[in-house]
Protein chains: 2
Amino acid sequence: MDDHKYDALKIENQLCFPLYACSREIIKRYKPFLDEIDLTYTQYIAMMVMWEQREVNVKELGKRLYLDSGTLTPLLKKLESKGLVSRKRSREDERNLIVSLTEEGEQLKERALAVPVRMAGCLNLTPKEAVTLYEILYKLLGENEISAKKE
Amino acid sequence: MDDHKYDALKIENQLCFPLYACSREIIKRYKPFLDEIDLTYTQYIAMMVMWEQREVNVKELGKRLYLDSGTLTPLLKKLESKGLVSRKRSREDERNLIVSLTEEGEQLKERALAVPVRMAGCLNLTPKEAVTLYEILYKLLGENEISAKKE
DNA sequence: AAAGCTAGAGTTGAGTACAATTAAATTTAT
DNA sequence: ATAAATTTAATTGTACTCAACTCTAGCTTT
């Protein structure tokens with residue numbers, strides 16, 4: 001007779017653990033492709049927002065990436081030192097720091113196109129599974145925003 | 001007319017991004033519960049393996065958690081300093097470091113039982129969604145092992 | 001207008017992650 | 001048996017990640 005009292009404490013019965021492990025494993029698969037454009041994964045997703053918006057402040061960027069200034073400030077300084085973005089305070093409200101895409105950052109977009117193309121072959125999910133996964137993940141992220149608002 | 005050339009570089013079209021964000025957001029939700037037993041999330045999943053096996057070497061632990069010695073060595077030293085595990089070299093093969101659950105570590109298991117109980121109410125997925133998510137994530141993790149073996 | 005409050009970014013410190021390297025023990029090949 | 005190759009942890013260095021705190025700017029309230 002097995003004792004099931006502690007089953008809830010088994011790794012294999014966790015949902016968070018495969019999420020955590022999967023996230024890291026997939027980011028590792030990005031690495032060889034990202035190395036070619038000299039970006040880390042976090043820098044890459046920050047640049048994705050920049051390529052879409054050209055200009056954004058730290059708060060808004062943090063909201064889109066679920067990251068705070070503790071992570072973003074050094075990351076943006078790093079991207080600035082690479083010449084990909086510029087950082088300056090907003091004229092209207094000096095509290096806001098405006099991050100802008102530079103010409104060099106804009107040019108990197110062309111080379112970055114290869115990344116999703118090459119990653120596409122790396123995830124062997126059926127289109128249906130990919131959509132299902134996507135929907136569940138955004139459902140989880142969405143409810144998170146609601147519970148965050150409650151505070 | 002929209003230009004779709006760069007669509008693959010949009011955050012909203014990524015699968016990895018919600019995975020990465022979701023993983024971190026859910027780990028954040030664990031924090032208040034884990035604080036009560038003074039464990040970080042990584043320490044918690046390491047302890048889960050210990051509670052299941054009582055004894056494990058670093059390599060095997062790393063395989064179960066998808067972590068390497070660079071992460072585990074300091075983590076295990078931390079758990080040792082808390083008195084939850086002991087670390088000693090294997091008699092048969094001195095290369096192996098054997099991590100063992102202490103009496104204190106064993107006792108923590110009782111208090112840890114509250115963590116999954118309290119987390120259960122935090123993820124508002126239907127049972128079906130939870131199972132689907134679980135299966136897709138392990139499929140992704142599984143294929144990763146295959147591609148790792150190829151090297 | 002001064003005091004208090006709020007918002008946004010930056011800083012600090014602890015704890016991961018992980019690639020690359022090192023060092024010691026063991027195994028394999030000659 | 002001994003040199004070479006392999007295995008296992010530990011170490012090093014870079015880069016997050018995040019809670020807690022600080023600082024400054026703008027807003028609010030009287």
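Side-chain atoms are counted along with the backbone in the values below, which use heavy atoms only and exclude waters and symmetry mates. To find a chain, count down the sequence lines: A is the first, B the second, and so on, and within it residues start at 1.
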Taking atom [atom2] of [N] as reference, at what distance in whole Å does atom [atom1] of [X] sit?
X	N	atom1	atom2	answer
D68(A)	dA9(C)	CG	P	11 Å
N57(A)	dG10(C)	CG	P	11 Å
L76(A)	dT11(C)	CG	C1'	15 Å
Y44(B)	dT16(C)	OH	P	15 Å
K63(A)	dA9(C)	NZ	P	12 Å
N96(B)	dA24(C)	CG	P	17 Å
L79(B)	dG15(C)	CG	C1'	12 Å
L39(B)	dG15(C)	CG	C1'	13 Å

Between which nucleotides of DNA chain D, 5' to 3', does chain B make heavy-atom contacts below 4.0 Å?
-> dT7(D) to dA19(D)
Residue pairs passing the ring pair (Phe, Tyr, Trp, His ring centres under 6.0 Å) test where at least one lies in residues 76-134 of chain B, sequence neighbours excluded | Y134(B)-Y138(B)
From L84(B) atom CG to E103(B) atom CD, the distance as rounded to the nearest 0.5 Å = 11.5 Å
Of the listed dT16(C), dG10(C), dG15(C), the closest approach to the K78(B) side chain comes from dG15(C)
Over all strands shown, is [X] touching base, sugar-phosphate only, or nothing at heavy-atom distances under 4.0 angstrom?
X	result
L67(A)	sugar-phosphate
S69(B)	base
T42(A)	sugar-phosphate
E92(A)	sugar-phosphate
L72(B)	nothing

Do the rings of Y30(A) and Y41(A) sit parallel, tilted or perpendicular, given the 30° and 60° boundaries?
-> tilted
Side chains of D7(A) and N13(A): is there a donor and an acceptor less than 3.5 Å apart?
-> no
Ring centre gap for Y66(B) and Y20(A) strictly below 6.0 Å | no
Could a donor-acceptor pair under 3.5 angstrom be found where the side chain of T40(B) meets the base of dG15(C)?
-> no
Is it true that E80(A) and K77(A) have a side-chain N and a carboxylate O under 4.0 angstrom from each other?
-> no
Thinking salt bridges, do E52(B) and R64(B) make one under a 4.0 Å N-O criterion?
-> yes
For DNA chain C, whose closest nucleotide is more 5', that of Q43(B) or that of I98(A)?
-> I98(A)
By nearest-nucleotide position on DNA chain C, the 5'-leaning member of K31(A) and P74(B) is P74(B)
Do any side-chain nitrogens or oxygens of R87(A) fall under 4.0 Å of OP1 or OP2 in dG10(C)?
-> yes
Is the NZ atom of K59(B) crowded by more than 12 outside heavy atoms at less than 6.0 Å?
-> no
Nearest nucleotide by nearest heavy atom, which residue falls closer to the 5' end of DNA chain D, R95(B) or S90(A)?
-> R95(B)
